[in-house]
Amino acid sequence: MQPTPRSLRLHIGLFGRRNVGKSSLLNAITRQQVSIVSDVAGTTTDPVEKPMELLPLGPVQFVDTAGVDDEGALGDLRIARTHAVLDRVDLGVIVTEGGGWGAFEERLLGELEARRVPVLAVFNKSDLGAPDSSELARLQLQRVPAVAASSLTGAGIVDVREALLQLAPADFFDSRRLVNDLVPPGEVAVLVVPIDKEAPKGRLILPQVMAIRDLLDGASMALVVQERELRRALERLTRPPALVVTDSQVFLKVAADVPASVPMTSFSILMSRFQGDLVAQVRGTLGIERLRGGDRVLVAESCAHHPVGEDIGRVKIPRWLTQYVGAKLQFDHVQGRDFPGDLSPYRLVVHCGNCVGNRREMMSRIHRCGVAGVPITNYGLTIAYSLGIFERALGPFPGALEALGAAHV
Ligand SMILES: Nc1nc2c(ncn2[C@@H]2O[C@H](COP(=O)(O)OP(=O)(O)OP(=O)(O)O)[C@@H](O)[C@H]2O)c(=O)[nH]1
Ligand code: SF4
Ligand SMILES: [Mg+2]
C-alpha cells in the first residue's frame, strides 16, 4: 500500500498541564503504548509523534506534547518545542481534569483559536471526578466541545474519537478522488448506464454525473454506453479501456462482457471509497456470511427519492441477499437523516452510495456501526458479493483486496 503523504495526515496535538494524562489519553485512543506514562510530572519532554489510521477519521498524526504549566521550572527549549507544535496542528485537544479548566487552559485555547485550529476539551480521569457544571457552561458559551473520559477505564474514549471526527476540517474529507486516479490522462473509462424504467426520465443520476465530471477534470475520457452496447463499444476501441464502471444492477452481464484483464468496478463501489471508507465497508460486507434466517438487516439511503418499479433498496437488494443466504430475512428501510440511534437489533447495515450526503456523516455512521459491532456494507459491495464477483469488482483497489485477503486468513 502507498504510504499516505505526511501533508495529507490530519495532525492532532495533545496539550495541557503536566500529569493530566495527555500521554495516557493518546495510548487509550490508539490502544497502543505510544507515549511513556508516569505519575512524575514532566514525563514527556519532547513531542512524541504517532502516525496512524484512526477510525473513523483515516490517516492522522498525533503529537503528544510536554506539559508546560509551570514554565519557570522548565527549560526554555521544552516550552519552545511545545509551542512549535501549536503551529503545525490541524486540530487541538486540550486535556484537563474535572475542575481543572483555568487560566492556563484558556491561554492554550486562545493560542489555538488565534491559529484558527478547532479545539476539543477533554476532561480526563473521569473515574476520579466529573467536570464542574460551571466549566462546562463556560466552554459551551465559547462553542468549544467538551468530552469527559477516562484513559484508565476507557470510558468516553469512543466519544473522544467521535468528537475528533466532528471537528476535523471539511477539506480533510473532500481531498479524495472519485475515479480519475484510476484512469491516466488521455485514457478511456467506459461507463455503463442502463436506461431502464428505474432510470430518472431525461437525466443521469448524480454518481454518474460526478464520475463524468471527475474524468474530465483528470483529462481522461468517458465513453458512456448502455449495457447492451458494451461489447460493441469495447470492440471499437483500439486499446482496452483503463477501467469499466458499471451500474451495480447489471454487474453480471458487464462482468461477462469485459475481458478479465480490464479492471472493472461499479459506481457505488467508487462512492464507498469517495464518500465512505472502502476498506471498512469491504470488511463489513463479509458480515453477509454470518446472516441467518430471521436476522434483521437495515437498508439505509441518504436521500429520500421515491421508490420506482424494482427499486434497488426495497426490492433488488432484499431479493439478492435472501437468495444468497437461502432463508427469509427481515428488512427495515430508512432514508435521509433517519439513521437509528440503536443499531443493536441489526446483523447488517447496507448503505447506499451516499452521493448527496457528506463524507463526515457517512464516516460517523460507519463508526457507530463499528462501536455497536454491526457490519456495514454498501449497495454495490453487497451486490458484487452476493453475485460472486466481489474480488473482480475490487480489482482496481489494492488496499481493499489486501484487507479482504487478511480477513480470509
Ligand atoms: N485515575 C486515572 N489516572 C490517570 C488517568 N489518565 C492518566 N492517569 C494517571 O495520571 C498520571 C499522569 O499520566 P500521563 O499520561 O503521564 O500524564 P501527561 O499529561 O502525559 O504528563 P506529562 O507528560 O508529565 O506532561 C499517571 O500516573 C497516569 O497513570 C485516568 O483517566 N484516570
Ligand atoms: S444518496 Fe444514496 S439513495 Fe440517494 S441517489 Fe445517492 S446513492 Fe442513491
Ligand atoms: Mg506525557
Side-chain angles (χ1 to χ4, degrees), residues 1 53 55-56 246-256 260 263-273 275-301 311-334 339-340 342-354 362-363 365-409:
M1 224 194 304
E53 280 290 316
L55 284 175
T246 179
D247 184 297
S248 309
Q249 305 184 54
V250 290
F251 236 148
L252 268 190
K253 174 166 174 32
V254 171
M264 181 200 81
T265 192
S266 76
F267 289 102
S268 56
I269 294 177
L270 288 177
M271 292 305 293
S272 165
R273 183 178 73 138
Q275 283 284 59
D277 181 339
L278 181 59
V279 167
Q281 289 177 287
V282 163
R283 288 200 195 102
T285 311
L286 303 179
I288 294 174
E289 236 19 83
R290 297 191 291 276
L291 287 178
R292 298 289 172 265
D295 281 352
R296 279 178 99 110
V297 175
L298 179 70
V299 179
E301 296 186 333
D311 184 67
I312 182 163
R314 284 171 199 273
V315 180
K316 290 183 180 161
I317 296 259
R319 185 198 295 152
W320 276 314
L321 267 183
T322 306
Q323 273 169 5
Y324 185 85
V325 174
K328 205 166 157 36
L329 302 164
Q330 296 186 58
F331 291 91
D332 289 348
H333 298 268
V334 291
F339 199 70
D342 179 15
L343 293 164
S344 62
Y346 299 107
R347 296 277 84 77
L348 182 72
V349 175
V350 188
H351 209 290
C352 76
N354 186 42
M362 192 63 219
M363 296 304 281
R365 289 179 175 190
I366 293 171
H367 179 55
R368 281 168 53 197
C369 287
V371 171
V374 182
I376 176 165
T377 173
N378 98 340
Y379 281 10
L381 293 167
T382 301
I383 295 170
Y385 192 86
S386 49
L387 297 177
I389 51 170
F390 198 45
E391 287 194 29
R392 174 98 197 265
L394 294 178
F397 315 106
L401 278 178
E402 208 172 280
L404 182 63
H408 276 147
V409 173

Original post:
Please, which pairs that meet side-chain hydrogen bond (donor to acceptor under 3.5 Å, both in side chains) have at least one residue in residues 275-284, sequence neighbours excluded?
Top reply: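 Sorted result for residues 275-284: S272-Q281.
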Which distance, rounded to the nearest 0.5 Å, do you find between the [atom1] of [X] and the [atom2] of [Y]?
X: F390; Y: F251; atom1: CZ; atom2: CZ; result: 10.0 Å
X: L381; Y: S386; atom1: CG; atom2: OG; result: 10.5 Å
X: L329; Y: D295; atom1: CG; atom2: CG; result: 6.5 Å
X: I376; Y: L348; atom1: CD1; atom2: CG; result: 8.5 Å
X: R347; Y: L291; atom1: CZ; atom2: CG; result: 9.0 Å
X: Y379; Y: M271; atom1: OH; atom2: CE; result: 13.0 Å

Subject >> side chain to side chain donor-acceptor pair (under 3.5 Å) evaluation trace for Y346 with D332 >> reply: CA-CA 9 Å; Y346 299 107; D332 289 348; 2.6 Å; yes
Original post:
What residues, two or more places apart in sequence or in another chain, satisfy salt bridge (charged side-chain N to carboxylate O under 4.0 Å, His left out) together with R290?
Top reply: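 Salt bridge (charged side-chain N to carboxylate O under 4.0 Å, His left out) list for R290, sorted by chain: empty.
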**OP:** Would you please name every residue forming a salt bridge (charged side-chain N to carboxylate O under 4.0 Å, His left out) with R392, sequence neighbours left out?
**Re:**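 In terms of salt bridge (charged side-chain N to carboxylate O under 4.0 Å, His left out), with neighbours along the sequence ignored, R392 is linked to no residue.
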May I ask you to test the [X]-[Y] pair for a side-chain heavy-atom distance under 4.5 Å?
X: P375; Y: L286; answer: no
X: Q249; Y: I312; answer: yes
X: N378; Y: V350; answer: no

If you take all heavy atoms of [X] and [Y], which pair is closest and at what distance?
X: A327; Y: T322; answer: O-CG2, 3.3 Å
X: S248; Y: S268; answer: OG-OG, 3.1 Å
X: A384; Y: A393; answer: CB-CB, 3.9 Å

Subject >> Neighbour count >12 (heavy atoms, 6.0 Å) for atom CD, Q330 >> reply: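 Enclosed: over 12 neighbouring heavy atoms sit under 6.0 Å from CD of Q330.
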**OP:** Evaluate the criterion side chain to side chain contact (heavy atoms under 4.5 Å, CB included) for residue pair R319 and Y324; output intermediate values, then yes/no.
**Re:** CA-CA 9 Å; R319 185 198 295 152; Y324 185 85; over 6 Å; no
**OP:** Step by step, work out the side chain to side chain contact (heavy atoms under 4.5 Å, CB included) result for T246 and F267.
**Re:** CA-CA 6 Å; T246 179; F267 289 102; 5.7 Å; no
Original post:
Going by atom types alone, do R314 and H333 pair a side-chain donor with an acceptor below 3.5 Å?
Top reply: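 Per modelled atom types, R314 and H333 side chains form no pair under 3.5 Å.
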Original post:
Got a donor-acceptor contact below 3.5 angstrom from the S266 side chain to the I269 backbone?
Top reply: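 It does hold such a pair.
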Subject >> Main-chain N/O of K316 paired with D311 side-chain donor or acceptor, under 3.5 Å >> reply: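 Not confirmed, D311 side chain does not pair with K316 backbone.
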Subject >> Contact list for residues 369-386, test salt bridge (Lys or Arg N to Asp or Glu O under 4.0 Å), sequence neighbours left out >> reply: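 Qualifying pairs, neighbours excluded: none.
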**OP:** List in chain and number order the residues that pass side-chain contact (heavy atoms from CB on, under 4.5 Å) with P396, two or more places apart in sequence or in another chain; answer none if no residue qualifies.
**Re:**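 Here the qualifying residues are L182, L243, P263, T265.
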**OP:** Please report the C-alpha distance between F397 and V279 in whole Å, then the side-chain angles of each, then the deciding distance to 0.1 Å, and finally whether the side chain to side chain contact (heavy atoms under 4.5 Å, CB included) criterion is met.
**Re:** CA-CA 9 Å; F397 315 106; V279 167; over 6 Å; no
**OP:** Not counting sequence neighbours, which residues clear side chain to side chain donor-acceptor pair (under 3.5 Å) with T377? List them please.
**Re:**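 T285, T382.
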**OP:** May I have the step-by-step check of side chain to side chain contact (heavy atoms under 4.5 Å, CB included) for V349 and F339, ending in yes or no?
**Re:** CA-CA 10 Å; V349 175; F339 199 70; 4.2 Å; yes
